[in-house]
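Contents: one structure, followed by commentary.
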There are 2 protein chains.
Amino acid sequence: MHKVATPLLLKKERQDFIIKELNLHNKVLSSDLCSQLNVSEDTIRRDLNELAESGKLVKVHGGALSVSYSGNSSEDVVYAREQKLIIAKKAVSLIQDGMLILTSGGTTLREVIKLLPKDLNATFCTVSLMTAEELLKHPNIEVIFIGGKLSKDAKISVGGDSILKLSEMSFDLCMVGTNGIDAKFGVTDSDLEVVQVKKAMIRASKKIVVLSISEKLNTVCRGGICKPNEIDYLITELDNHAPELASYHQAGIKLL
Amino acid sequence: MHKVATPLLLKKERQDFIIKELNLHNKVLSSDLCSQLNVSEDTIRRDLNELAESGKLVKVHGGALSVSYSGNSSEDVVYAREQKLIIAKKAVSLIQDGMLILTSGGTTLREVIKLLPKDLNATFCTVSLMTAEELLKHPNIEVIFIGGKLSKDAKISVGGDSILKLSEMSFDLCMVGTNGIDAKFGVTDSDLEVVQVKKAMIRASKKIVVLSISEKLNTVCRGGICKPNEIDYLITELDNHAPELASYHQAGIKLL
DNA sequence: TATTGATTTGCGGTTTTATGCAATTTTATA
DNA sequence: TATAAAATTGCATAAAACCGCAAATCAATA
């Protein structure tokens with residue numbers, strides 16, 4: 001005759017909590033969870049099993065790790081590559097011979113660079129090591145790197161030097177990947193050093209193109225980069241009649 | 001009756017840490033690992049065994065080596081790696097905490113960066129994408145990239161902007177790899193854009209260290225970078241009494 | 001409303017895993 | 001070849017995972 005106490009939280013809430021913890025710390029211990037959530041080890045274990053089943057985390061003895069973290073070993077796989085390829089194709093259509101284009105970093109931008117036509121004659125400017133390396137593979141593209149202190153995480157130039165340099169230049173087009181994009185708050189990022197640089201990038205460019213997989217739509221991070229009315233184009237993998245994009249269209253952003 | 005202390009990290013985290021160390025330094029010592037991770041030698045050894053089992057590293061007496069380093073990987077084979085490693089070891093001995101160091105590109109420099117001690121606190125400045133990426137792997141090193149137009153072949157910043165920027169700075173030490181080095185003509189290179197940048201690098205630095213495998217000794221290229229009397233140290237894989245180096249010694253260059 | 005069936009949860013017992021320790025063997029090297 | 005460091009082996013133990021099962025909860029429906 002077992003007593004089963006009414007849980008304080010529903011299963012879904014518990015699992016959401018676990019995911020949140022994981023996003024925050026990249027790891028959770030079963031023991032911590034069951035004291036925080038006031039449930040038995042078994043329940044936690046079953047939750048972890050379910051979440052692992054659907055690929056939301058990686059289970060290990062004693063707890064779980066976030067998928068992004070656990071995948072540091074062979075990171076040749078790009079997250080959501082399919083979507084990013086669609087985005088890249090659309091982005092390429094905006095680029096024309098003779099343009100002076102400024103680009104940020106990120107794997108989406110890399111896909112864009114990879115898809116650039118071989119005979120394109122243009123000048124690209126970037127703050128990202130990864131983007132620069134990719135650009136150098138194109139024989140007809142002139143590549144300029146905006147120097148400065150390099151950020152360990154984003155692997156882009158940050159700090160005063162980069163911002164100053166950007167302020168002295170003027171670009172036809174600026175392509176930025178995003179961490180957060182929202183119809184009301186615009187483009188945001190959680191890394192404040194990155195925020196400063198991206199703001200400078202946007203100030204330096206005539207046209208702003210924001211690239212984002214739909215998953216990041218309607219997310220807001222701490223640091224504001226630009227308001228919706230500063231964005232000229234928003235490119236996602238979705239069809240531009242998709243309901244998810246309606247609010248952005250209403251905000252005056254062109255969809256592609 | 002043995003007590004088993006709760007580990008601070010989960011097994012997977014530990015193993016990820018080992019892999020990361022390996023990517024950075026190409027080798028790990030079991031003794032280092034077990035003090036860094038606060039676990040017994042046995043645990044480390046079992047981790048190494050598992051990782052070796054799945055081909056993530058190569059186990060050797062006393063520690064482990066990264067697969068690429070241990071040889072077989074045809075991926076990034078570095079020409080004359082053995083010699084470059086010897087050079088790198090010597091070069092590292094010149095670097096101290098708090099220094100501001102300027103470095104060129106090249107695979108020799110990459111080996112130097114890989115061998116830098118983990119706890120080194122210094123600021124590195126570079127014009128090379130490859131060097132920059134390697135430097136970013138060191139958490140305690142501040143990395144500054146000198147921006148500018150990127151050269152397709154050398155993958156370093158060239159042109160007026162980079163040279164101007166360099167002229168505004170002052171470094172404790174400059175480490176350059178070379179294409180040609182000769183006791184009479186000094187350092188030379190065949191790429192004239194690269195020559196300009198290297199000249200600027202040398203002007204901006206108090207001490208000049210030239211790294212060169214012995215194969216390149218007594219070769220002269222079209223573009224002169226600096227005269228022998230401007231060189232402070234010459235580092236090759238040879239013993240500094242080797243006859244090949246006599247003429248350099250006579251030219252007043254310190255050997256290492 | 002009452003019944004029935006599926007879901008969720010906790011508990012006891014069992015199995016597996018992870019780790020440390022001690023004694024012995026192997027390896028590297030001076 | 002002598003010696004110290006490292007690897008191996010076997011064992012002990014605590015923690016975690018697993019497996020049924022029963023109680024409680026929830027959902028749908030007769």
Side-chain angles (χ1 to χ4, degrees), chain A residues 1-19 21-22 25-67 69-70 73, chain B residues 1-22 25-67 69-71 82 85-86 89 239:
Chain A
M1 173 150 7
H2 299 302
K3 267 246 286 279
V4 177
T6 307
L8 288 83
L9 291 125
L10 268 29
K11 193 168 98 158
K12 180 82 169 54
E13 294 181 282
R14 248 189 356 247
Q15 298 194 352
D16 284 350
F17 177 85
I18 295 175
I19 296 295
E21 279 295 289
L22 221 41
H25 303 112
N26 281 329
K27 98 168 164 182
V28 290
L29 301 181
S30 317
S31 51
D32 286 359
L33 287 174
C34 81
S35 68
Q36 285 169 4
L37 296 168
N38 261 347
V39 289
S40 72
E41 291 264 357
D42 294 72
T43 302
I44 293 300
R45 187 171 37 72
R46 276 184 280 240
D47 282 340
L48 294 183
N49 278 330
E50 283 178 32
L51 292 168
E53 196 84 22
S54 56
K56 305 250 175 67
L57 51 76
V58 176
K59 213 161 79 87
V60 297
H61 197 92
L65 302 173
S66 74
V67 269
Y69 173 82
S70 71
S73 309
Chain B
M1 201 213 281
H2 302 302
K3 267 259 280 281
V4 177
T6 308
L8 287 82
L9 279 83
L10 298 168
K11 194 169 102 160
K12 179 114 179 30
E13 291 183 286
R14 244 185 5 240
Q15 299 193 352
D16 283 349
F17 178 86
I18 295 174
I19 296 293
K20 223 175 77 188
E21 279 295 289
L22 223 40
H25 299 107
N26 283 325
K27 87 170 173 192
V28 290
L29 301 181
S30 316
S31 50
D32 284 359
L33 288 174
C34 81
S35 66
Q36 287 172 39
L37 296 167
N38 259 348
V39 289
S40 72
E41 294 262 358
D42 297 72
T43 302
I44 293 300
R45 189 170 32 71
R46 275 185 279 240
D47 282 340
L48 294 183
N49 279 331
E50 282 178 33
L51 292 168
E53 195 85 20
S54 56
K56 305 248 176 69
L57 52 75
V58 176
K59 214 158 79 84
V60 295
H61 199 91
L65 304 173
S66 72
V67 271
Y69 177 82
S70 73
E82 289 300 314
L85 262 173
I86 298 172
K89 272 186 200 141
D239 184 277

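In what follows, chains are A, B, ... by sequence order, proteins preceding strands, each numbered from 1.
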Report the distance from atom CD1 of Ile44(A) to atom OG of Ser35(A), rounding to the nearest 0.5 Å.
->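 Between Ile44(A) CD1 and Ser35(A) OG, I get 9.0 Å after rounding to 0.5 Å.
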
How far does CD of Gln36(B) sit from CD1 of Ile18(B), to the nearest 0.5 angstrom?
->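 With rounding to 0.5 Å, CD (Gln36(B)) is 9.5 Å from CD1 (Ile18(B)).
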
Quick one: on DNA chain D, does Ser30(A) or Glu41(B) contact a more 5' nucleotide (nearest heavy atom)?
->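 With Ser30(A) and Glu41(B) compared, the 5'-side residue is Glu41(B).
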
DNA chain D: Gly63(A) or His61(B), which has the more 5' nearest nucleotide?
->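 Upstream on the strand: His61(B).
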
Would one find a side-chain N or O of [X] under 4.0 angstrom from OP1 or OP2 of [N]?
X	N	value
Thr43(A)	dG10(C)	yes
Asn49(B)	dA7(D)	no
Arg14(B)	dT19(C)	yes
Lys11(B)	dA15(D)	no
Lys59(B)	dT8(D)	yes

Side chain of Arg46(A): nearest nucleotide among dG20(D), dT8(D), dC18(D)?
->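 From the listed options, dG20(D) comes nearest.
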
Would you mind classifying the nucleic acid contact of Ser31(B) as base, sugar-phosphate or nothing, using non-hydrogen atoms under 4.0 angstrom?
->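 Counting heavy atoms under 4.0 Å across all strands, no contact is made by Ser31(B).
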
Base, sugar-phosphate, or nothing for Lys12(A), non-hydrogen atoms under 4.0 angstrom?
->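 Lys12(A): no heavy atom of the nucleic acid under 4.0 Å.
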
What is the separation between atom [atom1] on [X] and atom [atom2] on [N], rounded to the nearest whole Å?
X	N	atom1	atom2	answer
Leu10(B)	dA18(C)	CG	C1'	11 Å
Glu13(A)	dT8(C)	CD	C1'	14 Å
Asp42(A)	dA15(D)	CG	P	16 Å
Leu37(B)	dG20(C)	CG	P	11 Å
Arg45(A)	dG10(C)	CZ	P	12 Å
Ile44(A)	dC11(C)	CD1	C1'	16 Å

Test: Lys11(B) and Glu50(B) ion pair at under 4.0 Å |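 Salt bridge between Lys11(B) and Glu50(B), a charged N being under 4.0 Å from a carboxylate O: yes.
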
Sidechain N-carboxylate O distance under 4.0 Å for Lys12(B), Asp16(B) |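 The answer is yes: the pair qualifies as a salt bridge.
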
Close side-chain approach of Arg46(B) and Asp42(B), heavy atoms under 4.5 Å =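 A side-chain contact under 4.5 Å exists here.
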
